[in-house]
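What you are looking at is a predicted structure, and each value in this text was computed from that prediction instead of being measured. Just so you know, residue 1 is the first one in the sequence shown, and it goes up from there.
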Amino acid sequence: MGFRCKSLLCLFLLVWLVFLQEASARQHYYNVTRLRSRKLVSGCNLFQGNWVLDPSYPFYDSSGCPFIDPEFDCLKYGRPDKQYLKYSWKPDACSLPRFDGVSFLANWRGKKIMFVGDSLSMNMWESLACMIHASVSNSKTTYVRKSPLSFVIFEDYGVTLYLYRTPYLVDIVRENVGAVLNLGSINGGNAWKGMDLLIFNSWHWWTHKGKSQGWDYIRDGSTLFKDMDRLEAFNKGLTTWANWVDNNVDPTKTKVFFQGISPTHYEGREWNQPKKNCYGELVPLSGSTYPAGAPPAAATVNKVLGMMKKPVYLLDITTLSQLRKDAHPSTYSGEHPGNDCSHWCLPGLPDTWNQLLYAALVM
């Protein structure tokens, strides 16, 4: 009897230990993916798939959308081909729900949505505004463009789409040595509070050098640097952002997304065509993988999100965007002289980013 009780006790302790280990693993998974795990709804990874021709695309006509900047308005500035408008993203294991602007407005009635980041955030913000506008073209809107805060209000629904321009997320501070990128300062975050949905983005400006560099020095704590490894700086700055989210966001009131790293297509060697860039590219890459693999910044984003306490959904658009070497403004931009292989035409790829955002919210 005594031996049996001891055996039962041991069994109980063993089961309890396994439970604790699984709970610990689940907590780690919660921290790493949380909302991000919803891309695996019904076993479906929304971001694993391929591009297919779809005659029902695009979602809107650029000439009918009042929110598109000249730098993204490729058709207006002479792009002759239109097949790039006709591709939809098809996940391997499921179908994406079709974006429904009226449903989106109804679900977010009276709510505030903010895109925070650089010009890729602006690309996505303008896309979402156009997609919604196409569904309710007769609805009254208020449209204000200022720096750093712009917004579109769909008055009949009380839905506001904000854009807060801050390419590094952390602050550039004026010191006696000049403009200083302070990796530990994020006072701009005061403008992000009170939102119902936040979509963050940063990376491209971290790589800029020379005249396009936005600062003179980098501050890391008490130390001032003339320069430092840009990926290391990005990691430190993104960690400051992650701490801000953990300390300031209430997940019961605010959903948080991070817009994954948007790729460029200046180097054809990345897709095994070393003499090419995005200029003249008319079709996406076939298949579901990119020859060069993911950019190092994507690993940094995964690492930082994995250490966060609050749930953040990674809108993992990197690979599917890498396949779209055909979707950039190239020389058909109204504001960027030369060859723009960084931003994206509208209508175009950012519409798919927003369709994925929509799917993540409704699935």
Side-chain angles (χ1 to χ4, degrees), residues 23-41 46 103-118 121 124-125 128-129 132 148-154 157-171 182-203 235-260 300-317 353-354 356-363:
S24 175
R26 282 196 300 271
Q27 181 62 31
H28 175 71
Y29 183 74
Y30 173 98
N31 287 340
V32 172
T33 60
R34 181 52 173 164
L35 283 174
R36 183 175 56 174
S37 68
R38 286 163 53 182
K39 73 183 180 185
L40 298 174
V41 168
L46 298 178
S103 175
F104 184 91
L105 288 171
N107 289 334
W108 291 88
R109 183 181 294 273
K111 303 295 186 182
K112 294 180 288 187
I113 299 167
M114 180 178 278
F115 291 85
V116 182
D118 57 23
S121 292
M124 190 174 177
W125 172 70
L128 182 58
I132 295 173
L149 186 65
S150 302
F151 58 87
V152 178
I153 305 174
F154 291 89
Y157 297 84
V159 174
T160 306
L161 304 183
Y162 291 98
L163 170 69
Y164 189 91
R165 293 289 297 273
T166 174
Y168 303 99
L169 298 181
V170 292
D171 300 329
N182 190 328
L183 301 179
S185 175
I186 197 161
N187 291 325
N190 291 327
W192 316 336
K193 295 178 180 178
M195 297 294 137
D196 299 287
L197 175 61
L198 287 165
I199 305 102
F200 291 96
N201 158 66
S202 186
W203 170 239
N235 178 68
K236 290 176 180 288
L238 201 61
T239 299
T240 297
W241 163 82
N243 291 334
W244 182 91
V245 171
D246 283 342
N247 292 327
N248 291 280
V249 169
D250 180 351
T252 65
K253 297 178 180 179
T254 305
K255 298 183 187 299
V256 181
F257 283 73
F258 194 91
Q259 179 185 341
T300 299
V301 169
N302 281 315
K303 173 187 172 185
V304 172
L305 293 187
M307 296 186 296
M308 295 179 68
K309 299 174 184 176
K310 297 291 176 67
V312 176
Y313 187 116
L314 175 61
L315 202 65
D316 196 5
I317 52 91
W353 299 350
N354 281 310
L356 289 162
L357 172 67
Y358 178 77
L361 291 169
V362 302
M363 288 178 72

Locate the shortest heavy-atom distance separating I317 from G260; write the atom from each residue and the value.
-> CD1-O, 3.4 Å

Check whether any side-chain heavy atom of K112 sits under 4.5 Å from a side-chain heavy atom of D196, and report yes or no.
-> yes

Could you state the interatomic distance from NZ (K236) to OG1 (T300), rounded to the nearest 0.5 Å?
-> 12.0 Å

Is there a side-chain contact between V256 and K310, using heavy atoms and a 4.5 Å cut-off?
-> no

Would you check if the side chain of D246 reaches a backbone N or O of K309 as a donor-acceptor pair within less than 3.5 Å?
-> yes

Looking at side-chain heavy atoms only, is the closest gap between D118 and Y168 below 4.5 Å?
-> no

Strictly under 6.0 Å, is that where the ring centroids of F258 and F200 end up?
-> no

What's the spacing between D316 CG and W353 CH2 if we round to 0.5 Å?
-> 12.5 Å

Any side-chain heavy-atom pair from W192 and M114 closer than 4.5 angstrom?
-> yes

Check A242 against V304 and note the closest heavy-atom contact, atom names and distance.
-> CB-CG1, 3.6 Å

All heavy atoms of V312 vs all of F257, minimum pair found to be CG1-C, 4.1 Å

Taking every heavy atom of A359 against every heavy atom of L46, the minimum-distance pair comes out as CB-CD1, 4.1 Å

Could you check whether the rings of Y358 and F104 sit parallel, tilted or perpendicular, using 30° and 60° as the cut-offs?
-> tilted

Does a sphere of radius 6.0 Å around NZ in K193 hold more than 12 heavy atoms from other residues, nucleotides or ligands, not counting ones at 6.0 Å or beyond?
-> yes

At what distance, to the nearest 0.5 angstrom, does CH2 of W125 lie from CD of Q259?
-> 14.0 Å

Distance (rounded to the nearest 0.5 Å) between L161 CG and I113 CD1 | 5.5 Å

With a 4.5 Å limit on heavy-atom distance, are the side chains of I132 and V159 in contact?
-> no

State the CG-CG distance between L238 and L305, to the nearest 0.5 angstrom.
-> 7.0 Å

Side-chain heavy-atom pair L183, T239 within 4.5 angstrom cut-off = no

Between L197 and L361, the two heavy atoms sitting closest are CD2-CD1, 4.1 Å

Can you tell if the side chain of S121 reaches within under 4.5 Å of the side chain of V116, non-hydrogen atoms only?
-> no

Are any of the side-chain heavy atoms of W241 and M308 separated by less than 4.5 Å?
-> yes

Looking only at heavy atoms, which two atoms of Y164 and A191 are closest? And how far apart?
-> CE1-CB, 3.4 Å

What's the verdict on side chain to side chain contact (heavy atoms under 4.5 Å, CB included) for T166 and D171, showing C-alpha distance, side-chain angles and the deciding distance?
-> CA-CA 8 Å; T166 174; D171 300 329; 5.6 Å; no

Could you pull out all residues at least two apart from N354 that satisfy side-chain contact (heavy atoms from CB on, under 4.5 Å)?
-> F115, M124, S127, L128, M131, L357

Any donor-acceptor pair under 3.5 Å from S202 side chain to P167 backbone = yes

Can you check whether N187's main-chain N or O pairs, donor with acceptor, with N190's side chain at less than 3.5 Å?
-> yes

